[in-house]
Amino acid sequence: MNTSQIEKNVIALVENFNKEEFVFDLLKAYGISKTSITRLKKGDFNLSKVEGEILYKSKMLFKEVESGTLLTVIDDLTKEPEALKHNPRFVIVTDYKTLVAKDIRTGAALDIPILEIHKHFSFFLPWAGQEKYSQKNENYADRKASYKMAKLYDILVTENPNIYDDGGHNLNIFLSRLLFCFFAEDTDIFPIEGMFTDTLAQHTKEDGSDVNTFLDRLFKVLNTKDNSKEASHFREFPYVNGGLFRDTIVSPQFTREARKIILECGDLDWSEINPDIFGSMIQAVVNPAYRSGLGMHYTSVPNIMKVIEPLFLNELYDEFEKHKENPKKLRQLIYRISKLKIFDPACGSGNFLIIAYKELRKLEIKIWRQINDLEPQYSFVFTEVKLSQFYGIELDDFAHEMAILSLWLAEHQMNKIFVDELFDFGRAKPILPLKEAGHITQGNATRLNWEDTCPKNDGDEIYILGNPPYAGQKKQDKIQKEDLKLLFKGKTNYKTLDYVSCWFYKGSNYLEGNIKMGLVSTNSICQGNQVGLLWPSVLKTGNVEIFFAVPNFKWTNNAKGNAGVTCSIIGLQRTIKNFQKLIYTDRNVIKASNINAYLTDGIDIIVQKRMTALSALPKMVSGNMALDDGHLMLTEKEKNDIVNQYPDSEVYIRETTGANEFIKGLKRYCLWIEDDELEDALEIPFIKNRVESCKKFRENGGEVARTLVDRAHQFRYRHQPVNSQIIIPLTSSERRDYIPMGFLGEKVVIQQSAQVLYDPEPFVFGVITSRMHMVWIDAVGGKLETRYSYSVGICYNTFPFPEITQKQKEQITLHVFEVLEEREKYSDKTMAQLYDPDKMPKGLKEAHHQLDLAIERCYRLKPFESDTERLEYLFKEYEKMINKDTLLEKTKKKRKKKA
DNA sequence: AATCCGACAGTTG
DNA sequence: CAACTGTCGGATT
């Protein structure tokens with residue numbers, strides 16, 4: 001049952017409030033089945049022996065009380081050991097005016113008028129299997145354990161200088177085994193609680209010198225079926241298997257301090273460890289260098305659900321709802337689930353696999369409970385979901401060990417829940433010896449054959465998911481560049497692709513009818529330049545389609561600085577005719593007939609970057625790039641000071657404007673020296689210093705910078721207009737209806753953070769400031785996260801604009817001047833203020849509107865009614881013009897050949 | 001010779 | 001510290 005349905009149910013409960021039925025209606029609202037509620041009413045499900053109390057295993061303890069006693073009663077009830085044995089998630093008391101409730105697991109409390117319960121319905125969502133994840137409080141155990149382990153790790157590394165000689169593999173396995181032992185002794189995997197830590201404490205010397213031999217011995221014991229000949233303190237340890245203790249490793253040397261820390265680790269309560277995120281925490285603490293590399297990041301559970309739900313979970317739940325009354329179909333659904341394969345080709349420490357595993361087991365529990373309601377089970381039932389259905393590839397060896405381990409922990413925890421929830425017929429087989437493990441391969445997923453890890457047999461239902469690493473072209477290391485080359489060899493311009501593209505391309509080749517993929521990515525592969533480079537290879541001229549998308553959401557991590565990234569989730573499948581595609585936004589779900597590579601509902605179109613303008617428009621170029629580390633730049637104060645001190649310097653100083661200065665109305669200046677002026681200019685000490693600093697910076701800079709050492713008094717590129725110029729900011733806020741652009745005098749040096757039209761006809765300003773152009777930029781342009789990121793090649797050169805008459809140009813020019821005049825009326829205001837969508841002056845808005853209409857009349861006489869309509873029209877025009885253009889190119893080439 | 005990008009980066013309130 | 005919004009150098013074409 002989904003959240004909105006539950007909310008509706010609770011609202012209905014309030015509207016038809018019935019005192020006698022209240023608590024049963026409430027449970028029903030969260031999807032507890034009718035039969036369970038009947039049995040609860042009859043009494044055989046009610047575990048309480050106290051009159052007037054209802055105790056429903058793992059769900060709740062409910063009591064009706066007299067007014068004024070609510071808080072004291074709930075205090076007593078939450079401490080009632082008899083009741084707590086049955087793990088009620090909530091304790092609820094009410095006098096049917098006020099309702100007080102407590103969440104036993106999180107400690108959260110609720111105290112509300114009972115008729116307002118619908119406003120707080122989310123409080124009881126754990127009944128429907130929906131946990132609220134508040135990272136700060138709930139990860140306490142994980143964080144504590146992680147920090148302790150980091151301490152142990154640090155000391156072991158210091159005391160064992162040769163520990164990395166094998167690349168660290170030995171150490172990784174060692175740590176993984178220790179974690180298993182800590183967890184096993186605190187849960188009932190090991191027969192005696194605390195036996196690992198206790199035995200270690202009793203049978204090793206305090207100076208730590210024999211801890212390693214003790215552990216070597218113990219690991220051997222854990223890998224041996226028959227331990228009857230072992231020393232008595234080892235004999236109680238069980239046979240673990242599962243490959244965890246199979247290979248012989250050499251435990252590192254311990255010191256007194258290291259022994260102390262390992263014992264402290266053991267004393268922590270490891271039973272509360274949450275395998276969802278524990279792996280990545282341990283990983284990050286153990287190796288901080290990896291925090292932002294190689295696809296290993298803190299990933300939060302809600303974000304993982306954003307992938308899992310649309311990819312397969314929603315569909316499985318739909319099936320469940322559809323066949324709720326048909327036990328045979330429900331058994332078939334369990335069979336289907338037992339055959340699924342889940343494959344994360346960049347699995348890190350296994351977060352996605354673990355969440356997917358847990359979700360499938362939760363669903364299985366719900367199905368079994370429903371089957372039992374329809375046909376009571378008289379024999380015991382075991383889970384059908386196996387760890388061997390889970391596949392992963394991970395480059396980092398430690399992460400890959402953690403993934404395997406975390407899956408075992410998740411299995412153990414879910415077994416417990418399975419037995420708890422299905423207490424009258426659900427059973428779990430003993431976890432030891434470990435039988436199944438996830439198929440996690442250590443290696444480079446961009447180079448490995450995925451079928452070697454996750455073989456696909458005929459008809460296999462496989463879901464590929466995950467969050468592969470992102471790296472823009474400048475962040476890629478040598479190996480990653482080589483990875484891209486190996487995959488995209490023969491394709492053009494692949495070097496500018498983000499590293500994450502490898503997974504999309506490789507995954508698209510792996511897809512079959514029953515194989516689907518949902519990956520998280522940086523949103524930039526669906527914007528601007530990269531769209532044209534990647535998506536034709538992935539979509540394979542219509543054989544593959546995007547069947548769901550979650551565009552543009554922030555994925556923050558807990559690393560220092562809290563640097564985030566804007567992501568999109570993209571679901572791919574082999575094209576299925578008339579498939580209902582879904583776009584998930586913050587607010588709603590859009591039913592789309594098609595999702596294009598820009599992740600919008602619309603026709604499949606990919607706009608390729610162009611070097612020349614498609615329409616009859618003048619050449620636009622980048623602004624002047626300094627590449628000076630700021631040494632050729634001056635603030636207003638610096639400029640005034642130097643001009644006061646050296647009046648001669650004024651001729652070498654120009655006003656300079658980038659996007660920031662233009663939009664926010666800031667003043668900035670730069671040194672602008674012609675070669676033949678250099679000698680005189682260097683007479684001024686201030687200028688000499690600046691030029692020398694710039695030279696030094698360029699000498700130490702990259703390849704490009706070093707070519708500019710000999711002309712350190714100048715910008716890397718220098719362009720100047722004769723009479724006037726239009727500035728078009730490169731990056732600007734997406735909140736604005738129009739990117740602020742404007743005319744500047746011929747002396748102003750426009751920075752590289754803006755583009756320029758030098759000496760333009762004024763009507764061009766009208767074209768690029770129009771609504772039509774803004775719609776185009778928004779749809780096909782690059783972005784910085786979600787900001788507009790204007791570019792000549794993608795936004796301007798591709799823009800379809802019809803050929804117009806001189807008269808039309810004059811018309812447009814009049815409207816251009818009106819816009820400029822309106823701006824003049826508010827000359828005290830900055831562009832940022834004028835173009836703030838909430839504060840834009842009415843006159844300016846109207847002038848823009850009239851300009852928009854004039855531009856739109858160039859396309860057609862009938863006015864456009866919406867941006868969607870504008871865009872559709874533009875796409876059609878674009879296709880027409882591109883076809884014409886390519887035809888023209890072809891004939892040109894032919895003629896050349898003939899000649 | 002000219003970009004187009006950023007598991008971002010700097011400012012504000 | 002969350003919300004807001006645009007720099008600057010360079011690998012690539």
Side-chain angles (χ1 to χ4, degrees), chain A residues 290-299 303 346 467-476 481 484 492-500 520-525 527-533 554-559 561-568 609-612 619-630 632-633 658-664 666 668 697-698 700-708 715-719 729-736 739-740 751-756 781-797 831-832 835-836:
Chain A
Y290 280 163
R291 273 180 203 185
S292 60
L294 299 176
M296 301 171 304
H297 292 270
Y298 290 113
T299 42
N303 283 341
N467 180 20
Y470 328 149
Q473 62 165 348
K474 268 182 277 181
K475 294 237 166 170
Q476 292 160 16
K481 283 188 200 297
L484 268 165
T492 49
N493 296 341
Y494 64 84
K495 284 183 180 171
T496 26
L497 284 170
D498 194 287
Y499 187 51
V500 77
V520 189
S521 166
T522 163
N523 66 347
S524 49
I525 64 164
Q527 295 169 341
N529 198 18
Q530 295 199 48
V531 177
L533 305 179
K554 267 263 186 206
W555 191 311
T556 51
N557 62 43
N558 293 1
N562 199 22
V565 58
T566 302
C567 296
S568 293
K609 176 180 165 183
R610 288 177 60 91
M611 299 315 284
T612 55
K619 191 173 169 58
M620 183 186 283
V621 294
S622 288
N624 299 288
M625 182 189 292
L627 216 165
D628 66 335
D629 198 28
L632 301 179
M633 302 293 172
N660 200 30
E661 290 78 22
F662 179 71
I663 292 172
K664 292 177 188 152
L666 309 170
R668 202 177 177 198
F697 165 73
R698 287 181 180 174
N700 299 321
E703 228 170 284
V704 189
R706 286 200 299 276
T707 65
L708 301 166
F715 278 32
R716 176 179 176 189
Y717 298 117
R718 315 174 86 225
H719 299 285
L730 213 130
T731 314
S732 63
S733 170
E734 73 275 28
R735 283 179 63 241
R736 303 188 181 115
I739 296 177
Q751 289 279 333
Q752 61 147 335
S753 57
Q755 269 102 187
V756 195
K783 302 272 164 75
L784 175 56
E785 293 207 316
T786 48
R787 292 329 75 70
Y788 297 124
S789 184
Y790 198 93
S791 61
V792 179
I794 296 153
C795 299
Y796 182 77
N797 287 344
M831 286 291 160
Y835 284 87
D836 184 322

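Chain A is the first sequence line, chain B the second, and so forth, proteins listed ahead of strands; every chain is numbered from 1. Being a predicted model, the structure only gives us computed values, none of them experimental.
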Listed nucleotide nearest any side-chain atom of [X], set [options]:
| X | options | result |
| --- | --- | --- |
| A:R735 | B:dA2, C:dT5, B:dT3 | C:dT5 |
| A:K481 | C:dT12, C:dC8, B:dA2 | C:dT12 |
| A:M625 | B:dT3, B:dC5, B:dG6 | B:dT3 |
| A:Q752 | C:dG6, C:dT12, B:dC4 | B:dC4 |
| A:N467 | B:dA7, B:dT3, C:dG6 | B:dA7 |
| A:T731 | C:dG6, B:dA7, C:dA11 | C:dG6 |
| A:R787 | C:dT5, C:dT12, C:dC8 | C:dT5 |
| A:Y470 | B:dA7, C:dG6, B:dC4 | B:dA7 |

Using a heavy-atom cut-off of under 4.0 Å over every strand shown, decide if [X] touches base, sugar-phosphate, or nothing.
| X | value |
| --- | --- |
| A:R706 | nothing |
| A:T492 | nothing |
| A:N493 | sugar-phosphate |
| A:L784 | base |
| A:V500 | nothing |

Mind calculating the distance between [atom1] ([X]) and [atom2] ([N]) to the nearest angstrom?
| X | N | atom1 | atom2 | value |
| --- | --- | --- | --- | --- |
| A:K619 | B:dA1 | NZ | C1' | 10 Å |
| A:N529 | C:dT13 | CG | P | 10 Å |
| A:Y835 | C:dG6 | OH | P | 14 Å |
| A:Q751 | B:dT3 | CD | P | 16 Å |
| A:K609 | B:dT3 | NZ | P | 8 Å |
| A:Q473 | B:dA7 | CD | C1' | 16 Å |
| A:E703 | C:dT13 | CD | C1' | 14 Å |
| A:E734 | C:dT5 | CD | P | 8 Å |

A:R716 (side chain) and B:dT3 (base): donor-acceptor pair under 3.5 Å
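In this structure, the two groups form a donor-acceptor pair.
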P gap between B:dC4 and B:dC8, integer Å
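Those two atoms are separated by 23 Å.
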C:dC4 and B:dA7: how far apart are their P atoms, nearest whole angstrom?
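23 Å, rounded to whole Å.
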Nearest-nucleotide 5' precedence on DNA chain B, A:I794 against A:E785:
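On the 5' side of the pair lies A:I794.
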Closest nucleotide of DNA chain B for A:V704 versus for A:S789: which of these residues is on the 5' side?
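Per heavy-atom nearest nucleotide, the more 5' residue is A:V704.
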Start at the 5' end of DNA chain C and walk down; is the nucleotide closest to A:G702 or to A:A659 reached first?
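The residue whose closest nucleotide sits nearer the 5' end is A:A659.
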Is there a side-chain contact between [X] and [Y] in this structure, where contact means two heavy atoms from C-beta onward sitting under 4.5 Å apart?
| X | Y | answer |
| --- | --- | --- |
| A:V704 | A:M625 | no |
| A:L627 | A:Y717 | no |
| A:Y790 | A:Q755 | yes |
| A:T522 | A:Y499 | no |
| A:L730 | A:Q752 | no |

Does A:R668 place a side-chain N or O at less than 4.0 Å from the phosphate oxygens OP1/OP2 of C:dT7?
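No, A:R668 has no side-chain N/O under 4.0 Å of OP1/OP2 on C:dT7.
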Think A:S753 has a side-chain N or O under 4.0 angstrom from the OP1 or OP2 of C:dT7?
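It does, given that an N or O in the side chain of A:S753 lies less than 4.0 Å from OP1 or OP2 of C:dT7.
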Paired with C:dT7 by Watson-Crick or G-U wobble geometry, both distances under 3.5 Å: which nucleotide is it?
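Looking at the geometry, C:dT7 pairs with no nucleotide.
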B:dA7 - base-pair partner by Watson-Crick or wobble geometry, distances under 3.5 Å
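Paired with B:dA7, as far as the under-3.5 Å criterion goes, is no nucleotide at all.
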Single hit among A:P729, A:P740, A:S732 for side-chain contact (heavy atoms from CB on, under 4.5 Å) with A:M831
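Testing each of A:P729, A:P740, A:S732 against A:M831, the sole residue satisfying side-chain contact (heavy atoms from CB on, under 4.5 Å) is A:P740.
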So which heavy atom on A:V500 is nearest to which on A:V520, and how close?
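Scanning both residues, the minimum pair turns out to be CG2-O, 4.3 Å.
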